[in-house]
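I have placed the structure first, in the form of structure tokens, so that the comments after it can refer back to it.
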Amino acid sequence: MMTTATGENLMRYYRTGANLTQSEFAAAMGMPFRSYQDIESGKSPVRPVHVAAARWALVELASRSDLKSGFLPLEIAQVVKEAAK
């Protein structure tokens, strides 16, 4: 099932799916913690670059995890699976 979450809910969905704190996810995305907090709280808009950074962070985290793609949202897991072929 693909997610229907958008905006700050999408960011929270990605972060909680990976079982990460806001601080950990911000670091994985390569952005300041406070900026991530503002995005997830809705104080700052979610831009396409934020979504791309979040998705890339999940792929990077999955490549180093024992769970591999087990915690990835389906739409991202499918991309990783296709890329591995």
Side-chain angles (χ1 to χ4, degrees):
M1 171 183 251
M2 289 194 173
T3 181
T4 57
T6 59
E8 61 271 7
N9 291 330
L10 179 63
M11 303 301 278
R12 186 176 300 113
Y13 170 77
Y14 286 160
R15 178 181 63 79
T16 58
N19 198 32
L20 298 172
T21 66
Q22 288 182 338
S23 178
E24 291 168 333
F25 199 45
M29 289 174 61
M31 69 184 307
F33 168 63
R34 183 65 188 183
S35 297
Y36 180 82
Q37 262 188 325
D38 288 348
I39 289 169
E40 196 172 296
S41 71
K43 289 181 184 177
S44 295
V46 178
R47 295 190 169 107
V49 69
H50 299 133
V51 175
R55 289 175 175 167
W56 182 251
L58 291 174
V59 170
E60 285 285 317
L61 291 165
S63 72
R64 294 179 288 198
S65 171
D66 291 337
L67 297 175
K68 294 297 177 204
S69 63
F71 65 85
L72 292 176
L74 181 60
E75 61 271 22
I76 296 173
Q78 288 174 333
V79 169
V80 171
K81 183 178 177 182
E82 287 299 312
K85 288 184 178 179

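Just so you know, these numbers come straight off a predicted model, no measurement behind them. Residues: numbered from 1 along the sequence shown.
- In this structure the side chain of Leu10 never reaches within 4.5 angstrom of the side chain of Val46, judged on heavy atoms.
- Remark: Thr21 pairs with Glu24 by the side chain to side chain donor-acceptor pair (under 3.5 Å) rule, at least two apart or across chains.
- Between Leu58 and Ala18, the shortest heavy-atom distance links the atoms CD2-CB, 3.8 Å.
- Residue pairs meeting the salt bridge (Lys or Arg N to Asp or Glu O under 4.0 Å) criterion with at least one member in residues 26-39, sequence neighbours excluded: Arg34-Asp38.
- With sequence neighbours left out, the salt bridge (Lys or Arg N to Asp or Glu O under 4.0 Å) criterion links Arg15 to Glu40.
- Taking CD of Gln37 as the start and CE of Met31 as the end, the distance is 11.0 Å to the nearest 0.5 Å.
- Taking the side-chain contact (heavy atoms from CB on, under 4.5 Å) definition, one finds that Ala28 meets it with Ala57, Leu61, sequence neighbours left out.
- Within the structure, ring pair (Phe, Tyr, Trp, His ring centres under 6.0 Å) contacts touching residues 27-53 (residues at least two apart or in different chains) are Phe25-Tyr36.
- Minimum heavy-atom separation, Ala54 to Met11: CB-CE, 3.9 Å.
- Residue pairs meeting the salt bridge (Lys or Arg N to Asp or Glu O under 4.0 Å) criterion with at least one member in residues 47-57, sequence neighbours excluded, do not occur.
- Residues that satisfy the side-chain contact (heavy atoms from CB on, under 4.5 Å) test with Ser41, not counting sequence neighbours, are Lys43.
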